[in-house]
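This report concerns only the one structure given below.
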Amino acid sequence: MTDENLLDFSTTLEVRDSCLCMHAQRAARALARRYDEALRPSGLTNGQFSVLMALNRPGGAGIRDVAEVLAMDRTTVTAVLKPLTRRGLVEVAASPKDRRARALILTQAGRGLLVAALPVWRKMQKEIESLLQEPERLRTEMRSLC
């Protein structure tokens, strides 16, 4: 059997129709676009909103903590943090536990922006959940993959 027979167009259709990874990626991009559009008036992307929300905790957090919560690598978290820091929404300080490490702290401006963006996020959340048959089951199943 030649490579052409093993990789004909029916194989493409099989992957397109059944690949869980591809469907999850498509759904994630579609969801991200919806949240980005809803959050646009606040000046945040859904990724920035998620990072700021991950920093909404007492005492700040390390990059590793944020990366773990969001299932991102530290380099990506650092890249997302740069514009948030420039805007004065996040402060980077020496960690009180280890002076070599950095603590990420949500500033008052960052907290205020989250407060303003939260109703928009909640509205979008309700809209998305209304499109799903069992949103809690979907969340549970997605968590099982992490």
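Predicted model only: the values in this text are computed from it and were never measured.
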> Looking at Leu44 and Ala117, what are the two nearest heavy atoms and their distance?
Replying inline: CD1-CB, 4.3 Å

> For the residue pair Leu7 and Thr11, what are the closest heavy atoms and their distance?
Replying inline: CD1-CG2, 3.8 Å

>> Do Val120 and Leu89 land in one hydrophobic cluster if side-chain heavy atoms of ILVMFWY residues count as linked below 4.5 Å?
In response: yes

> Does any non-hydrogen side-chain atom of Thr78 lie less than 4.5 Å from one of Lys82?
Replying inline: yes

> What distance do Ser10 atom OG and Arg16 atom CZ have between them, rounded to the nearest 0.5 Å?
Replying inline: 11.5 Å

> Between Glu37 and Arg33, is there a side-chain N and carboxylate O pair less than 4.0 Å apart?
Replying inline: no

>> Looking at Arg64, I want to see if its CZ is surrounded by more than 12 non-hydrogen atoms of other residues, nucleotides or ligands under 6.0 Å.
In response: no

> Heavy-atom count around Arg139 CZ within 6.0 Å, excluding the residue itself: above 12?
Replying inline: yes

> Counting only N and O atoms by type, is there a donor-acceptor contact under 3.5 Å from the side chain of Asn46 to the main-chain atoms of Tyr35?
Replying inline: no

>> Would you say CZ of Arg87 has more than 12 non-hydrogen atoms from neighbouring residues, nucleotides or ligands within 6.0 angstrom?
In response: yes

> Is the closest side-chain heavy-atom distance between Arg57 and Asp65 below 4.5 Å?
Replying inline: yes

> Say you draw a straight line from CG of Leu84 to CG of Leu55; how long is it, rounded to the nearest 0.5 Å?
Replying inline: 8.5 Å

>> Any heavy-atom pair between the side chains of Leu114 and Phe49 that's under 4.5 Å?
In response: yes

> Does the side chain of Ile63 reach to within under 4.5 Å of the side chain of Arg102, using non-hydrogen atoms?
Replying inline: no

> Is Asp36 reaching over with its side chain to a backbone N or O of Thr45, donor-acceptor style, under 3.5 angstrom?
Replying inline: no

> Measuring from Leu52:CG to Leu118:CG, what's the distance to the nearest 0.5 Å?
Replying inline: 12.0 Å

>> Keeping Thr107 on the side-chain end and Gly88 on the backbone end, is there a donor-acceptor pair under 3.5 Å?
In response: yes

> Once you round to the nearest 0.5 Å, how far does CZ of Arg111 lie from CG of Asn56?
Replying inline: 5.0 Å

>> Hydrophobic clusters here meaning ILVMFWY residues chained together by side-chain heavy-atom distances under 4.5 Å, can you tell me if Val51 and Ile105 are in one?
In response: no

>> To the nearest 0.5 Å, what is the distance between CD on Glu134 and CD on Glu129?
In response: 12.5 Å

> Does some side-chain heavy atom of Met53 sit less than 4.5 Å from a side-chain heavy atom of Trp121?
Replying inline: no

> Does CG belonging to Leu145 count more than 12 external heavy atoms closer than 6.0 Å?
Replying inline: yes

> Is there a side-chain contact between Leu131 and Arg34, using heavy atoms and a 4.5 Å cut-off?
Replying inline: yes

> Do Val66 and Val69 come within less than 4.5 Å of each other through their side chains, counting heavy atoms only?
Replying inline: no

> Which pair of heavy atoms, one from His23 and one from Ser18, lies closest together, and at what distance?
Replying inline: NE2-N, 4.1 Å

> How far does OG of Ser42 sit from CD of Gln48, to the nearest 0.5 angstrom?
Replying inline: 8.5 Å

> Among all residues two or more places apart in sequence or in another chain, which pass the salt bridge (Lys or Arg N to Asp or Glu O under 4.0 Å) test with Lys123?
Replying inline: Glu127

> More than 12 heavy atoms of other residues, nucleotides or ligands under 6.0 Å from CD of Glu136: is that the case?
Replying inline: yes

> Taking C-beta and beyond as the side chain, do Leu138 and Pro135 meet within less than 4.5 Å on heavy atoms?
Replying inline: no

